[in-house]
Amino acid sequence: MPQHAAAPAAPAAPLPVDGSSTIGSAAARRLLAPAADARALTLWGSSSMSSEGGANATPRAVRIHEQLALAAAPAVVHAYGVGATRSAHTLLMRGLDTPILRRRGEPDPATGQVAVDLEPALSPAGPLRIPGEVDGIAGVLDGSSGAWVFMPDGGQAPVDGGTFRSSLAAVAKDSRQVLWMGKNNILDIDGVLADTQRMWDAATTPATDTLVLGQWATPHDPVGSATAEAVAAVNAEQAQRYGEHFLDLGGLLTSEEGLNCPPLSSLRLLEQATTETALAQQIVPDALRSPDGIHLNGWGNLAVSWAIIQRMQELGWL
């Protein structure tokens with residue numbers, strides 16, 4: 001289930017009332033004397049956004065949302081990356097799609113849980129559990145078993161069908177957002193571009209409130225493959241559309257400059273034969289991938305986190 005990243009702990013001692021302390025670094029002063037208008041940051045996407053694989057290779061697990069929470073403090077970071085989901089699931093989570101639920105069978109008499117279908121049809125994916133309501137009945141739309149069920153909150157009547165609206169829309173309201181969505185349905189180029197655009201347009205101030213992350217190529221996406229061409233097409237179009245609000249992570253993870261970025265420089269990746277082989281196929285080197293080959297490991301997540309933070313600073317978000 002999507003979880004909120006933990007908020008930073010409150011300082012142990014009160015600060016000067018006027019917030020004028022000059023002790024410590026600027027980052028430390030921002031943490032201990034938070035701005036009253038610090039805007040929340042919401043992360044949307046699939047397994048890369050949830051940092052699956054981040055416990056591999058590094059001494060400690062590297063989770064992107066945790067790195068961003070430290071950098072953005074005292075702003076709250078909402079982490080809504082869910083593995084295996086497609087871009088349409090992100091729209092459902094964000095509350096931009098509000099499907100009709102059609103009940104299948106009778107509800108459980110003890111819990112009110114009932115199997116449902118979505119109209120328009122959308123199959124579930126991954127450990128997806130979305131809090132929301134159906135015509136005023138609060139509960140959770142759960143697809144984690146491979147089939148949709150709606151579970152009303154305790155004490156509420158079972159649903160008999162109706163319109164589902166995700167409550168995550170209210171959580172994300174007025175926040176800035178980072179989007180890393182669409183890799184699991186990347187061959188549907190037009191669909192990924194349209195879904196990402198809808199997320200972009202949903203921001204409070206679309207021109208300034210969103211950072212779109214580019215996709216990167218795995219061993220299943222070598223140069224010349226259909227998926228590689230789709231990744232390149234989506235990245236190229238989004239780079240043109242969103243300008244500085246697009247971050248080319250594929251370029252970061254497959255270029256000489258990117259592989260020498262501060263978080264990775266000590267690894268000396270360009271001196272490794274496996275890196276040369278990977279770059280010849282225009283895929284991310286295995287030193288940055290988890291053992292499954294399709295997710296970034298801790299080092300890869302560290303580089304991505306660094307790049308996001310750098311760009312957020314350039315955009316004036318930090």
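Side-chain contact between M312 and L68 is present, with heavy atoms from C-beta onward closer than 4.5 Å. By the 4.5 Å heavy-atom criterion applied to side chains, Q238 and L193 are counted as neighbours. No side-chain heavy atom of T227 sits less than 4.5 Å from a side-chain heavy atom of H220. At a threshold of 4.5 Å between non-hydrogen side-chain atoms, the residues I64 and W180 count as touching. A heavy-atom distance below 4.5 Å is not found between the side chains of P285 and L269. The shortest side-chain heavy-atom distance between L279 and L259 falls under the 4.5 Å cut-off. Here the side chains of R39 and D209 are in contact, with some heavy-atom distance below 4.5 Å. Using a 4.5 Å cut-off on side-chain heavy atoms (C-beta onward), V114 and P158 make no contact.
Minimum interatomic distance between M181 and M199 (heavy atoms only, all atoms of both residues): SD-CG, 3.7 Å. What you find for S265 and N260 is that their closest heavy atoms are CB-O, 3.8 Å. When all heavy atoms of A72 and V77 are compared, the closest pair comes out as CB-CG2, 4.3 Å. Closest approach of L302 to V62, counting heavy atoms only: N-CG1, 3.7 Å. The nearest pair of heavy atoms linking L92 to P99 is CD1-CD, 3.5 Å. T85 and A125 make their closest contact through CG2-O, 3.8 Å (heavy atoms, listed as atom of the first residue, atom of the second, distance).
Within the 3.5 Å criterion, the main-chain N or O of T218 finds a donor-acceptor partner in the side chain of D221. N185 contributes no side-chain N or O that, together with a main-chain N or O of D188, makes up a donor-acceptor pair within less than 3.5 Å. Within the 3.5 Å criterion, the main-chain N or O of G83 finds no donor-acceptor partner in the side chain of S47. Listed for the K183 side chain is no donor-acceptor partner under 3.5 Å among the backbone atoms of V231. Looking at R311, its side chain does come within 3.5 Å of a backbone N or O of F246 through a donor-acceptor pair. A side-chain donor-acceptor contact under 3.5 Å links R289 to the backbone of V284. Of the possible donor and acceptor atoms, none in the side chain of D117 sits under 3.5 Å from a partner among the backbone N and O of R104. Side-chain N or O atoms of T58 include one that pairs as donor or acceptor with a backbone N or O of R60 at under 3.5 Å.
The distance from atom CE of M93 to atom OG1 of T42, rounded to the nearest 0.5 Å, is 10.5 Å. Rounded to the nearest 0.5 Å, atoms CE (M49) and CZ (R63) are 12.5 Å apart. Between L288 atom CG and N297 atom CG the span is 6.0 Å, to the nearest 0.5 Å. Here the OG1 atom belonging to T163 is positioned 8.0 Å from the CG atom belonging to L101, to the nearest 0.5 angstrom.
For S290 and N56, the side-chain atoms include no donor-acceptor pair closer than 3.5 Å.
Ring geometry, W148 versus H89: the interplanar angle falls from 30° to 60°, so the pair is classed tilted. Ring-plane geometry between Y80 and W44 is classed as tilted, the angle between the planes lying from 30 to 60 degrees on a 0 to 90 degree scale.
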Is there a side-chain contact (heavy atoms from CB on, under 4.5 Å) between L252 and D248? Walk through the geometry before answering. CA-CA 6 Å; L252 172 76; D248 181 12; over 6 Å; no
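Sparse packing is recorded around CZ of R268, with 12 or fewer heavy atoms of other residues, nucleotides or ligands lying under 6.0 Å away. Surrounding CD of E314 are more than 12 heavy atoms belonging to other residues, nucleotides or ligands, all under 6.0 Å away.
Salt-bridge formation is detected for the pair D160/R103: a Lys NZ or Arg NE/NH1/NH2 atom is positioned less than 4.0 Å from an Asp or Glu carboxylate oxygen. Comment: D195 does not engage R86 in a salt bridge, judged by the lack of any side-chain N to carboxylate O separation of less than 4.0 angstrom.
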